Amino acid sequence: MNPLRRSASGLLLATLMSPLVAQAAGFPDKALRLIVPFPAGGAADLMARGMAQQLGEVLGQQVIVDNRGGAGGAPAAEAAAKAPADGYTLFFATMGTQAINPALYPRLRYDPIKDFAPISLTHITPRVLVVGPSVPARNVAELIALAKARPGALSYGSAGNGSSSHLSGALFESLAGVDLLHVPYKGSAPLLTDVLAGRVDMTFDSYTVYEEHLRSGKVKALGVTSLKRMEALPQVPTLAEAGLKGYDVSNWLGVLAPAGTPPEVLSTLHRALGKAMAHPPLRQQLVKLGIQPTFGTPAEFKALMQAELPKWAEIVKRSGATNE
């Protein structure tokens, strides 16, 4: 079974019904910090803030979001890896920081597996192929035909070179047999501005960022990147359904602590995070935004990260993307 689906299907109830672990004595007795590898305003930031607020309520201490965007999240991951292993610094890890960056950065200064202690996978979010107001295509077939008629003329924006949104576009190019112009941005927020203004033709981004503008008709969703349709967009086909056989990309995010964090502290954080992710209003909000809330064991999260490394190494190699 696909590790992503296995981690998602474990879900909250079974974990929360397991025997309670002992609370770490005196932990936490001050605010915690959650490092987020993207600027404020993007999809990852929105997910992090909702989770941090609820986690803080469970723990009885504030969880402060620390946004550190740029370089595919590598500096943020490095800062988290080198933080004191006391449970007070957490990292909101993404598929990009843990599975894509090792293939993208030849001199990465953190190890995605050895430098972290996994707590749990928390969010799974497929991307949406969104086209701006200047693109006349009404479906994926028309978009591919337009791209083939004008090689290199249509542009797609991403959250950065080598980001999952970039590689989602590169995979689209490969399977559709088209040539698009890649325009990297520093996060989803500035990209959204240019998609709405028609300065970039399309993007493969989170539904969370574009929900309001999709409902207003300012932009159009032509396809979703997962193998299953999104509950929030039931009328929009998957890219595989639209003719791109084998297209399957779902971004995942979860919480890590620095390696060496005491087991009793990790147990406390794991139990608290499970309660936070099970909070009905938070779950309902996430589902409405096209995000699948999930929760599982640290071992499941580690297995997912390990399994995704070779997959994305191959996609990065095929795309030719690199960051020195």
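Not measured: the values here are computed from a predicted model.
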Between [X] and [Y], which heavy-atom pair has the shortest distance, and what is it?
X	Y	answer
Leu59	Ala272	CD2-CB, 3.5 Å
Leu191	Ala159	CD2-N, 4.4 Å
Gly152	Leu181	O-CB, 3.8 Å
Glu308	Ala99	CB-CB, 3.7 Å
Leu309	Pro112	CD2-CG, 4.3 Å
Arg49	Asn67	NH2-OD1, 2.8 Å

Determine whether Ser165 and Asp205 satisfy the following criterion, side-chain hydrogen bond (donor to acceptor under 3.5 Å, both in side chains), listing intermediate values before the conclusion.
CA-CA 6 Å; Ser165 51; Asp205 211 337; 5.6 Å; no

Donor-acceptor pair, [X] side chain versus [Y] backbone, under 3.5 Å?
X	Y	value
Tyr156	His166	yes
Lys245	Leu175	no
Ser267	Pro263	yes
Ser216	His213	yes
Glu300	Thr297	yes
His279	Leu55	no
Tyr210	Lys220	no
Asn139	Glu142	yes

Would you mind telling me which of Val130, Val131, Val183, Val209 makes a side chain to side chain contact (heavy atoms under 4.5 Å, CB included) with Thr203?
Val130

ILVMFWY network linking Tyr110 to Tyr105, side-chain heavy atoms under 4.5 angstrom:
yes

Between Val255 and Leu46, is there shared hydrophobic-cluster membership here, with clusters defined by ILVMFWY side-chain heavy atoms closer than 4.5 Å?
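No: no chain of side-chain contacts under 4.5 Å links Val255 to Leu46.
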
Aromatic ring pairing Phe116/Phe91, orientation class (parallel under 30°, perpendicular over 60°, tilted between)
parallel

Using the six-membered ring wherever Trp is involved, compare the ring planes of His123 and Phe92 and label them parallel, tilted or perpendicular (cut-offs 30° and 60°).
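Perpendicular: the ring planes of His123 and Phe92 meet at over 60°.
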
Any donor-acceptor pair under 3.5 Å linking the side-chain atoms of [Y] with those of [X]?
X	Y	answer
Tyr185	Asp194	yes
Trp252	Gln98	no
Thr122	Ser120	no
Arg229	Thr238	no
Ser158	His182	yes
Ser164	Arg127	yes
Asn251	Thr125	no

Working note: Ile35 + Thr89, criterion side-chain contact (heavy atoms from CB on, under 4.5 Å); need CA distance, chi angles, decisive distance, verdict.
CA-CA 7 Å; Ile35 297 178; Thr89 297; 3.9 Å; yes

Is a salt bridge present between Glu212 and Lys218, judged by a nitrogen-to-oxygen distance below 4.0 Å?
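Answer for the salt bridge query: no.
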
Within 45° of the ring axis of Tyr88 and under 6.0 Å from its six-membered ring centre, is that where the NZ or CZ of Lys30 lies?
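Flagged: Lys30 positioned over aromatic ring of Tyr88.
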
Any Met202 side-chain heavy atom under 4.5 Å of Val135 side chain:
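Contact flag for Met202/Val135 side chains = no.
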
Neighbour count >12 (heavy atoms, 6.0 Å) for atom [atom1], [X]:
X	atom1	value
Arg109	CZ	no
Glu231	CD	no
Glu173	CD	yes

